[in-house]
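A short worksheet on the structure shown next.
Each chain gets a letter, A, B and so on, in the order its sequence line appears, and its residues count up from 1.
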Amino acid sequence: MIGQDYWWVLLIKAVVVVLGLTTIAAYLTYAERKVAARIQLRLGPNRVGPFGLLQPAADAVKLLFKENAAPANRDRLLYLVGPSLAGGAAVLAFAVIPMGINNWFNYQFHWDIAHFNVGLLFILGVTSLGVYSLFLGGWSANSKYSLLGGLRSSAQLISYEMAVSFALIGTIILAGSLDLEQIVGAQQQTWFIVLQPLAFVLYFSGAFAETNRAPFDLPEAETELVAGYHTEYGSMRFGLYFLGEYVNMVIVSSIATTLFLGGWLPLFPFHPFDWIPGPLWFLGKVVVLLFFMMWVRWTFPRLRYDRLMNFGWKVLLPLGLLNILITGTVVALRA
Amino acid sequence: MTALIAVVMALAAISAIGVVLSPQTIYSALSLVVTVTMISVLFLLLNAQFLFAVQLIIYAGAVMVLFVFIIALLNPEAEDRPALDYRAMIGLAAVAAVTILVFVTARNGITYGSGGFRGQQVGAASNPYHTFAFGADAVNAAGNVQTVAGQLFTTYLLPFEITSLLLLVAAIGAVYLTRRTKEAA
Amino acid sequence: MISTGAFPYLLGLSAFLFTIGAAGVLIRRNPIVVLMCIELMLNAGNIALIAYGRFLNSVEGQIFAFMVIVVAAAEVVVGLALVTAIFRLGRELDVDDLSEMSE
Amino acid sequence: MNVPWLTLVIVIPVGAALLLQVVPRNLTAAVKGVTLLATAAVAVIVGVLVAMLPHTVGSDQPLTFHYEETHAWIPGIGASYHLGLDGLSAWLLALNAGVFLLGALAVSRRSTERLRFYCTLLLLTEAATAGVLLAADLLLFYLFWEGMLVPLYFLLSNYGGEKRGPATLKFILYTVAGSLLMLLSIIWLYVNSGARSFDLETLITSSGPAQAVIVIPGIHVPTFTPQELVFIGFALAFAIKLPLVPFHTWLPDLYEACPPAALVFFAGIVSKLGAYGFIRFGLTLFPEPVNHFKWFLAGVAVLSIIYGALMALSERDIKRIVAYASISHLGFVALGIFSLTQNGVNGSIIQMINHGIIISALFLIVGFIEARTGTRDRRQIAGLERRMPWLYAFFLVATLAALGMPGMNGFVGEFTIMLGAFQLNWVYAVLAGGGVVLACWYMLRLHQGLMHGPPAALVERVRDIRMGEGLLLAPLAALMIFLGVYPRPVGDLARPAVTQYVARATGTPVLPAVYS
Amino acid sequence: MLAQAVPIVPLVTPSAKDLLGLLPELILGGGFVVLMLLDLVVPARRRAWLAAFAFLFIAASFGACMWGWFDSGSGRALYFGSIAYDKYAMFINAVLLISAALVVIISPQYLNRRGLHYGEYYALILAATTGMMLLAGAMSLMVIFLAIELLSVSLYILSGFSRHEERSQEAALKYLLLGGFASGFLLFGMALVYGETGHTQLQQIEAALRVSTNVDPLLLAGVILIFIGLAFKASLVPFHTWTPDVYQGAPTSVTTFMSVATKVAAFAVMVRVFTYTFPAVYAHWQAIVFLVAIASMLVGNIAALTQTSVKRMLAYSGIAQAGYILIGVAVSPSEPLGTIGVLYYLAAYAVTNIGAFAVITVMAGRGEDLDSYAGLRGLAYRRPYVAAAMGLFLLSLGGFPPTAGFFGKFFVFAAAIKSGQTSLALWGIATSAVSVFYYLRVALLMYQRPAADQPEYQWSRSTFGGSAVLLATTAGTLVLGILVTLVYSAAAAAQGALLPVAAG
């Protein structure tokens with residue numbers, strides 16, 4: 001079931017989430033530059049607004065007003081479809097991420113758009129569509145660099161999706177449900193990062209690859225592919241891809257939070273920690289993970305492509321299977 | 001909700017036409033992506049959540065990507081035959097006829113009457129295997145993933161095992177057929 | 001959710017997809033597209049299975065559909081492997097031309 | 001007497017054929033030796049069996065089988081391995097053994113090239129024809145009947161004249177079509193008999209009365225009853241094999257293309273099997289249809305007699321002349337059968353034996369002539385009398401026998417048949433008599449043309465037949481004369497069986513055996 | 001909202017006894033996996049070992065079949081009605097296993113000559129046979145569908161096994177596309193039947209159809225679509241178009257296997273589904289089966305007349321043979337002789353056709369197939385025994401006694417007449433007469449002297465394996481043609497114990 005909300009509540013939730021995600025994504029670009037600057041002993045953006053906080057807005061204006069330069073023999077329709085889809089799948093997946101439950105005046109309010117009894121499956125299903133955006137971007141431009149980038153990214157995404165899904169199954173076994181709220185609820189005592197450390201590492205490694213971030217950012221490797229699948233994109237169309245990447249980051253962090261870091265649950269299940277509302281806990285954990293991703297990006301070298309694929313198939317996947325095997329055995333023995 | 005269903009079904013149908021009539025292979029493939037996605041939504045609406053996920057992950061996320069991949073790699077040229085020639089016209093007429101016929105047959109209440117589906121009534125009378133042991137809404141109450149999974153590994157274990165063999169065969173075959181050997185020219 | 005009244009429409013859609021897939025197999029020549037049309041037919045079968053299963057309160061439909069998806073995946077993998085192999089041998093892809101042997 | 005003699009008759013040739021496969025191909029003497037030995041052994045066994053066959057009517061059984069062997073074969077459908085010998089088949093079996101022995105003797109030593117294959121096929125054919133004559137189970141009968149075609153096909157298509165390809169195909173297609181219809185009829189009989197058995201004796205006793213298909217109640221519409229249709233299925237198969245006139249077209253072509261040595265047994269026995277089938281199965285299983293159709297069938301037989309004779313008159317190729325003569329003679333056989341009288345059927349059996357002997361001799365002679373002169377055109381040959389006195393003598397005997405000269409065996413058969421035909425209707429007998437007159441004409445003309453007058457150019461250098469060849473013809477000629485003077489052995493042996501058959505066909509009760 | 005996750009349906013796990021009943025299939029499926037692993041360790045020069053291993057597995061599975069045949073516990077459905085453990089399945093399994101064994105024996109020589117000797121071959125043969133055996137026992141629409149796919153996918157790959165030959169690859173692709181097309185029909189038909197009866201298990205479908213009074217058009221559509229799907233696999237007219245091209249393009253040893261085993265499995269399931277599950281609607285599907293049978297006999301035989309390639313001729317002849325076998329299905333379901341006839345015909349067809357194809361396989365030269373009629377000319381002069389065997393197979397295909405083919409035809413014709421459908425038998429007989437023409441034409445060719453200008457064809461020497469197979473098939477053809485009751489009584493026993501009807 002998708003939920004029992006009134007349709008207008010749903011609408012409001014949806015609008016808020018979409019706007020919120022775009023804003024967060026925009027500010028993540030700012031954060032990334034700041035973090036990069038700190039790591040490289042620089043200042044980062046600091047001209048537009050206080051501490052450069054308006055920089056994302058300025059970027060947005062710039063991208064919007066730039067002239068559209070597009071390859072002449074592109075596939076006109078798909079050239080437009082590609083960027084439009086970017087981030088779409090990710091936003092859709094966010095619809096079922098629970099950020100808390102409140103009971104207001106006998107109205108049970110779920111901090112998500114849709115409460116869905118097989119939320120995890122929904123996420124896995126929807127995120128598997130993300131590949132098309134990259135692929136279409138790479139293919140439609142009719143340029144070999146973008147094509148190679150597109151193909152690489154698709155291959156990479158598919159390979160890692162397997163590993164990532166396997167990593168998640170351990171948590172499902174522990175929680176005994178696919179309902180994300182129930183999975184969070186099962187972490188009341190112990191977060192799954194404690195019970196499933198290997199799975200968390202596997203998932204998050206895979207998540208880097210899924211979001212095309214360093215050290216797995218082969219599809220858009222500047223030095224080899226001149227930025228990969230979006231080489232031939234400019235102005236706001238490029239902006240959409242850019243935005244999509246950061247939305248993706250938010251999503252993978254949210255999933256990791258929900259499945260491994262106890263979602264909206266406080267760090268410790270007692271006062272004063274549980275005075276802080278659940279959604280804030282959730283956001284906090286997501287922010288920590290996002291920072292971690294940026295940190296990694298600016299401190300790790302990039303893998304070679306074949307190593308990347310090997311890593312996915314020959315390390316992550318077997319380990320994921322092993323994790324399932326161990327978890328399943330333990331759960332079966334204890335039951 | 002009815003509007004949603006109608007839109008989803010219409011999109012599925014239109015994109016299916018696109019699969020057949022697109023002059024370019026890649027458009028066919030992308031139309032098929034839309035079709036399978038819409039079908040997955042239908043599955044969701046039909047309370048088959050597990051199938052929804054499987055449809056998206058396997059079909060949209062893997063099978064269709066493979067298609068798109070191969071098309072991009074091989075880059076087959078557009079067909080020289082016009083997509084909408086007389087054969088296509090005949091085909092589409094047949095499609096329309098069959099669809100309407102099936103619709104009318106199903107609509108006329110032969111398949112189901114006031115007492116529910118005929119298969120259900122007849123089945124209930126003749127069933128030693130508890131397939132209908134779930135009450136009318138047992139499937140709907142909790143996620144039916146559990147029900148499906150439970151049945152999959154007990155009653156339908158044999159078919160399930162056959163699929164594993166099938167996948168193994170397909171994998172071996174694909175590797176064999178695409179493997180480059182020294183004697184390859 | 002979906003009421004019984006929608007059933008004829010679902011079955012109609014299923015029949016539509018099935019026949020259009022079948023028509024596609026017959027009128028298209030590119031093997032990749034033909035393969036896609038076959039997928040369309042299998043999907044149509046799945047819709048029918050799940051729609052029936054939903055209104056019969058039976059899980060058999062879903063389980064069957066699941067198996068079908070697996071089968072379809074296996075078939076596509078082999079089919080595309082063959083397409084690649086033929087392409088590598090340097091042939092144009094055209095079903096009507098796949099008749100080197102018929103004299 | 002627990003030795004399965006009848007099985008041995010079938011098995012010995014098959015075993016010899018298998019044995020031949022391991023004999024080295026170039027050892028022609030060994031190949032010939034094995035073949036001869038096998039055919040001779042069969043001939044001896046058959047001879048003893050026929051000599052010892054009791055001349056009695058079975059008391060409690062519808063048919064009079066001796067030396068019976070019955071084993072379950074396909075018990076699930078009631079098919080059995082049932083062999084038996086009676087007065088009807090005994091002489092034909094003897095003829096069979098004889099012509100194959102002749103065939104084995106007549107194999108030319110010079111054509112060593114594929115002798116082994118030839119001998120294999122000859123032996124297999126012998127086994128199949130013997131099986132046809134011995135089988136008392138319909139399915140088993142069909143097995144041999146159809147199986148016979150296989151070696152014959154290879155024989156005809158591999159060793160023959162230039163036109164053998166189309167001729168063989170024509171023959172095979174004709175006969176296969178006919179026998180497949182017979183198969184259908186056999187199955188129908190089986191299904192509708194109620195006894196669920198293929199055994200001839202069971203089927204005879206259990207076949208129900210024919211039910212007429214009533215198209216419009218109260219009005220007689222000439223339609224066929226199911227049983228009549230089934231009979232037609234059988235009759236077509238037999239008529240093609242015999243052959244009766246509209247189905248005869250394969251015969252002259254095939255005889256023309258057939259190698260002479262093979263013709264000895266092909267013409268000698270294979271075409272008799274159609275007539276044998278008519279008597280054995282047609283008369284017993286379908287008494288009513290046979291009675292119903294006898295006017296028509298006898299008419300066809302008369303047509304065969306006259307047509308064959310007229311065609312023989314118009315031909316120049318001596319082989320074809322003999323072939324048409326054969327059709328004419330077989331018409332007599334058919335006429336005898338369909339007269340449905342004791343005399344007629346008895347005459348048919350005698351005539352079958354006689355014709356087997358005569359036609360074998362004629363084809364041997366034709367073969368010798370062709371081998372020596374290199375032609376078969378009767379107008380190019382003349383005056384052989386002087387060059388080949390021995391051949392002349394044998395040919396004279398055969399000619400006289402063929403045209404039905406009293407004192408020769410041909411006369412006995414034809415005369416008895418005419419008696420039967422007369423009992424049926426005098427018109428048939430008169431017309432058949434016309435056939436005899438024509439036979440005199442064409443046979444004497446042929447004989448005169450070939451033998452008398454000044455020698456033609458082609459005849460200048462021919463030599464007379466050798467000793468071995470003469471020894472082939474001598475027993476045949478002796479038999480022609482012997483059976484012409486003393487035909488009783490054949491008639492006596494056949495009479496008990498014929499009594500039964502005719503009684504069944506005409507619906508008259510079997511009379512107590514009157515042995516005179 | 002946090003509903004507790006509790007199992008809704010009581011879960012019953014299959015018992016271990018079920019596993020035992022599935023032993024033949026398990027051995028073969030296990031053999032498939034083991035062979036794949038062995039392929040990794042066996043050196044390339046010793047790949048014949050793999051054939052030996054495959055043969056061992058087949059033999060073991062055959063042993064299990066024999067055990068199952070005499071097991072008194074058989075005659076029931078395993079895995080909750082998914083698969084039958086009855087004599088019928090064991091009969092078909094035995095035929096399939098013998099075919100597979102014969103193919104495995106002739107393969108090493110052929111594959112070596114063609115440079116195709118890879119370990120996957122044997123593994124895939126085992127996988128395909130497993131699929132066919134599962135199909136023979138299938139008692140649920142799901143298992144039928146999956147088993148068909150298992151065997152088809154294996155055969156698609158095997159058809160394209162000659163990787164560097166366009167003909168083989170194209171044959172495989174064509175086979176796959178049309179096979180997939182057929183699967184679509186099959187699936188849609190199954191969906192409709194499932195929806196209208198509420199079941200996928202054949203026993204329950206049969207019971208449901210018996211109970212129900214009115215017949216829904218959608219149900220009939222489903223039945224007919226299932227028939228179409230199966231007819232594709234059995235290559236019946238008008239769903240036969242793939243057959244000649246695929247038979248010709250695929251490596252001959254694969255064609256040998258495919259031409260026989262697929263047909264055996266397809267007809268096995270067709271009998272179980274149509275004769276024993278859908279008898280209640282016999283009146284509705286009879287006409288279509290009837291017409292398809294006649295069309296197959298006509299088209300197959302007439303098209304075979306004009307062929308000049310042996311493989312194509314045998315392909316069309318196979319179509320015609322399928323038409324004859326279908327007679328056994330088209331007769332009334334209450335006529336047991338129909339099923340017995342199908343079983344007998346299948347056994348006869350298996351030995352004969354494997355023999356005929358084995359001759360082509362054994363005689364194949366290096367790198368090319370013995371394909372044209374001209375290539376066979378004069379075979380009897382150089383290889384008299386092989387030619388004699390081939391002649392025997394052709395006669396058997398033509399239905400001459402005393403060979404296996406005669407009794408195959410005899411039983412189905414008898415069934416047709418017995419159930420009052422004489423016209424079917426008449427069509428069969430008319431087309432049989434036509435078929436004699438082209439079978440004997442080839443037979444004659446072998447015994448003709450090689451023409452003076454004929455390019456000398458490189459016939460290979462038959463190896464031990466090839467000779468063994470030819471000897472076995474020759475013996476089988478004769479045994480089935482003379483000692484009929486051996487197989488007939490087995491077929492009758494198999495028919496008598498056939499699920500789902502035997503149980504209810």
Pairs of heavy atoms under 4.5 Å with chain B: top-ranked of A:L124, A:L151, A:T127, A:V81: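 Ranked by heavy-atom pairs under 4.5 Å with chain B, first place is A:L151.
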
Top contributor to chain B contacts, counting heavy-atom pairs under 4.5 Å, from A:L78, A:V131, A:V126: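 Heavy-atom pairs under 4.5 Å are most numerous for A:L78.
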
[X] versus chain A, the contacting section by heavy-atom distance below 4.5 Å:
| X | answer |
| --- | --- |
| B:S40 | neither |
| B:I58 | neither |
| B:F50 | both |
| B:V54 | neither |
| B:L73 | side chain |

Donor + acceptor pair across side chains of A:Q182, A:S177 (<3.5 Å):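 Checked: A:Q182/A:S177 side chains pair up, N/O donor to acceptor below 3.5 Å.
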
Full working for side-chain contact (heavy atoms from CB on, under 4.5 Å) between B:M64 and B:L32: CA-CA 8 Å; B:M64 289 320 299; B:L32 189 53; 3.6 Å; yes

CA sep, side-chain torsions, deciding dist, call: B:S31, B:S15, side-chain hydrogen bond (donor to acceptor under 3.5 Å, both in side chains): CA-CA 5 Å; B:S31 304; B:S15 54; over 6 Å; no

Ring centers of B:F52, A:F122 separated by less than 6.0 Å: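 Between B:F52 and A:F122, the centre distance is under 6.0 Å.
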
Per-residue contact mode, A:L136 against chain B (heavy atom under 4.5 angstrom):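 The side chain, not the backbone.
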
Sidechain-backbone polar pair: B:Y59 side chain, B:T37 backbone, donor-acceptor under 3.5 Å: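 No; judged by distance alone, with no hydrogens or angles, the pair does not exist.
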
Any donor-acceptor N/O pair, A:Q187 side chain to A:L259 backbone, under 3.5 Å: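 Answer holds: yes.
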
